[in-house]
Amino acid sequence: MSSEQNPLIKVENLRKYFPVKGTNPLQKKKYVQAVESVSFNIYRGETLGIVGESGCGKTTLGRTILRLYEPTSGKIIYDGAPIYDSEKKIAVKMLPYRRKMQIIFQDPSASLDPRMTVGEIVGEALDIHKLYSSKKERSERINELLDKVGLNTEHANRFPPEFSGGQQQRVGIARALAVDPEFIVCDEPISALDVSIQSQVVNMLEDLQAENHLTYLFIAHDISVVRHISNRIGVMYLGQMVELADSYELCSKPVHPYTRTLLSAVPLPDPIKSRSRQRILLEGEIPSPLNPPSGCRFHTRCPYATDRCREECPELREQSPGHFVACHL
Ligand SMILES: Nc1ncnc2c1ncn2[C@@H]1O[C@H](COP(=O)(O)OP(=O)(O)O)[C@@H](O)[C@H]1O
Ligand SMILES: [Mg+2]
C-alpha cells in the first residue's frame with residue numbers, strides 16, 4: 001500500500017469523548033476520553049488491523065469513523081469528500097454513505113433483532129436503500145446474499161436465536177454485504193465465536209474481500225488474529241494510536257515499547273525459540289480514560305519513561321517510510 005495512493009478514508013485528529021453521567025451537577029463535567037486525537041489513512045483494498053487491550057477505544061474508533069457515534073472533534077474524509085470536519089463545521093447526512101460504509105459487530109446475538117427473520121434482517125438494508133425493482137428481485141437478492149455467506153435459502157424464514165453463533169455472524173455479514181459496500185469495519189467479528197469455527201469465518205471474510213474489492217478496518221484485541229490477514233497494523237493504547245506500520249514490519253521490528261509488550265505475549269510456533277524469548281510484563285493496571293496520565297499516556301507503565309515522557313505527549317511520526325511511532329525515545 002503506497003502512501004502516494006489517495007486514501008479511501010482519511011482520519012485527522014479524531015476525538016470521541018463520552019460525558020459521564022451521575023456526577024455532582026455543580027462539579028465540572030467529566031468525560032471518558034475514549035479516542036484522543038487519532039490520525040491515519042485507510043487505503044483502498046487493504047485490511048488495516050487495529051489492536052490493543054480491551055477498553056483502549058477500538059470499537060469507539062470504528063463506530064466514530066462511520067458516525068454511528070458523533071465525533072467530538074476532528075476530520076473524516078471519505079474518498080476525497082469530508083463527511084465530518086469540526087473546524088469547518090461539516091457534518092454531512094450519512095444515508096448515502098451507509099451504502100458504502102458498513103460494520104460487522106462483535107456479538108452477533110446482540111446485534112440481530114431476535115424477532116425478525118433472517119430474510120427480514122438482510123432485506124431491511126435493501127429496503128432502506130431501495131435496491132430492487134420487484135418483490136421477486138428482492139427475494140432473489142436475499143437468497144444470493146445468504147448463499148454468499150454459506151447459508152441456505154430455507155434459513156431466510158427462521159429467526160436468529162435458532163442459529164449457532166457462527167451462523168448468526170454469517171447473517172451479520174450478509175446484512176453488511178447487502179448494500180454492496182466498499183468499506184467494512186470488522187469489530188472483533190470472531191471473538192464471540194467458538195474457536196473451532198473462527199478460522200472459517202476469517203477465511204470467508206478474506207474471500208469476500210477479494211471477490212467484492214472490499215477495504216477492511218479489522219479490529220482485534222489479539223495481534224495474532226490480525227497479523228496474517230492485515231496489510232498494515234495500528235496499535236492503540238488508551239485512546240491513542242502508538243504505532244502503525246506494515247504488518248510484517250510491525251511484527252518483526254516493533255519500535256514502541258507497548259507494541260513490543262503485545263508481541264512478546266504471542267506464542268511462537270517454534271517451542272525452542274518461544275522458551276528462550278523473554279515475555280515482557282507490564283507493571284500496573286491500564287489507567288482510566290476518565291483521567292489519563294499526562295504526557296505520553298503509556299509513561300506510567302513504560303520501563304524507559306523519562307521526565308519528557310511524563311510532560312509532553314509524543315506525536316505519531318513517520319520514523320522510516322510507512323512506519324509511524326508515537327514515542328520520544
Ligand atoms: N457509549 C459509551 N458511553 C460511555 N463510555 C463508553 C461508551 N462506549 C465506550 N465507552 C468507554 O470508552 C472506552 C473505550 O471503549 P471501547 O471503544 O469499547 O474499547 P475497546 O473496543 O478497545 O474495548 C472505555 O473506557 C469504555 O468504557
Ligand atoms: Mg470493542
Side-chain angles (χ1 to χ4, degrees), residues 9 11 13-23 27-40 42 47-74 76 84 101-112 165 168-169 172-173 176 184-193 198 201-202 205 216-227 229-230 233-244 256 258-259 261-263 265 282 284-293 297-298 300-301 316 326:
I9 298 175
V11 174
N13 301 318
L14 191 66
R15 284 204 171 84
K16 177 61 188 174
Y17 290 5
F18 295 106
V20 181
K21 290 188 202 111
T23 42
Q27 276 174 350
K28 215 177 134 204
K29 214 170 186 182
K30 289 196 127 195
Y31 294 91
V32 178
Q33 303 180 10
V35 171
E36 175 58 46
S37 208
V38 169
S39 304
F40 62 97
I42 306 172
T47 296
L48 174 61
I50 298 287
V51 296
E53 284 163 282
S54 172
C56 72
K58 304 179 298 295
T59 294
T60 306
L61 175 67
R63 292 187 182 189
T64 307
I65 292 172
L66 302 180
R67 285 187 53 216
L68 294 173
Y69 292 157
E70 204 48 22
T72 301
S73 65
I76 307 163
Y84 178 84
M101 311 167 84
Q102 281 289 319
I103 183 165
I104 298 167
F105 295 97
Q106 179 170 4
D107 182 355
S109 63
S111 63
L112 302 174
Q168 289 177 358
Q169 194 55 297
I173 296 168
I184 304 182
V185 172
C186 305
D187 188 2
E188 303 204 36
I190 59 164
S191 65
L193 307 183
Q198 288 186 346
V201 174
V202 169
L205 286 169
Y216 286 156
L217 185 75
F218 201 106
I219 298 171
H221 61 261
D222 184 348
I223 205 164
S224 58
V225 170
V226 289
R227 64 192 297 180
I229 60 163
S230 301
I233 296 178
V235 178
M236 284 184 78
Y237 182 78
L238 212 57
Q240 295 186 313
M241 190 78 83
V242 297
E243 187 160 3
L244 173 64
H256 199 284
Y258 181 63
T259 312
T261 310
L262 284 185
L263 282 163
L282 285 180
E285 290 287 301
I286 183 162
S288 161
L290 249 176
N291 201 356
R297 289 186 165 192
F298 187 57
T300 56
R301 297 167 85 196
L316 189 70

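Numbering of ligands and ligand atoms starts at 1, following listing order.
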*Considering all heavy atoms, the nearest L193-P189 contact*: CD1-O, 3.8 Å
*Identify the two heavy atoms, one from I223 and one from L262, that lie closest to each other, and give their separation to 0.1 Å.*
CG2-O, 4.5 Å
*Taking all non-hydrogen atoms of both residues, which atom of Y31 and which atom of L290 are closest, and how far apart?*
O-CD2, 3.4 Å
_Return the closest protein heavy atom for atom 12 (O) of ligand 1 as residue, atom name and distance._
A34 CB, 3.3 Å
*Before giving the answer on side chain to side chain contact (heavy atoms under 4.5 Å, CB included), spell out for M241 and I50 the whole-Å C-alpha distance, their side-chain angles and the decisive distance to 0.1 Å.*
CA-CA 9 Å; M241 190 78 83; I50 298 287; 3.9 Å; yes
*Under 3.5 Å, is there a donor-acceptor pair linking the side chains of S191 and Q106?*
yes
*Is the distance from the Mg ion (ligand 2) to the nearest N/O/S atom of T59 under 2.8 Å?*
yes
_Among all protein heavy atoms in this structure, tell me which lies nearest to atom 22 (O) of ligand 1, with the distance rounded to 0.1 Å._
K58 NZ, 2.8 Å
*Is there at least one protein heavy-atom neighbour under 4.0 Å from atom 27 (O) of ligand 1?*
no
*So, E53 and Y237: side-chain donor and acceptor under 3.5 Å apart, yes or no?*
no
*Going by distance only, is there an N or O of G55 that falls short of 3.5 Å from an N or O of ligand 1?*
yes
*Shortest protein heavy-atom distance from atom 16 (P) of ligand 1, along with the residue and atom involved*: T60 OG1, 3.6 Å
*asked:* Looking only at the aromatic ring of each residue, does the gap between the centers of F298 and H256 stay below 6.0 angstrom?
replied: yes
*Quick one: look up the protein heavy atom nearest atom 11 (C) of ligand 1 and list residue, atom name and how far away it is.*
V32 CG1, 3.8 Å
*May I ask you to identify the nearest protein heavy atom to atom 19 (O) of ligand 1, giving residue, atom name and distance to one decimal place in Å?*
G57 N, 3.2 Å
*When you measure from atom 18 (O) of ligand 1 to every protein heavy atom, which one gives the shortest distance, and what is it?*
T59 CB, 3.8 Å
*Just which atoms of ligand 1 are under 4.0 Å from any heavy atom in S54?*
23 (O)
*Numbering as shown, the atoms of ligand 1 that approach P289 to under 4.0 Å (heavy-atom distance)*: 25 (O)
*Identify the closest protein heavy atom to atom 1 (N) of ligand 1: which residue and atom is it, and at what distance?*
F18 CE2, 3.6 Å
*So, does Q169 use its side chain to make a donor-acceptor pair with the main chain of F105 at under 3.5 Å?*
yes
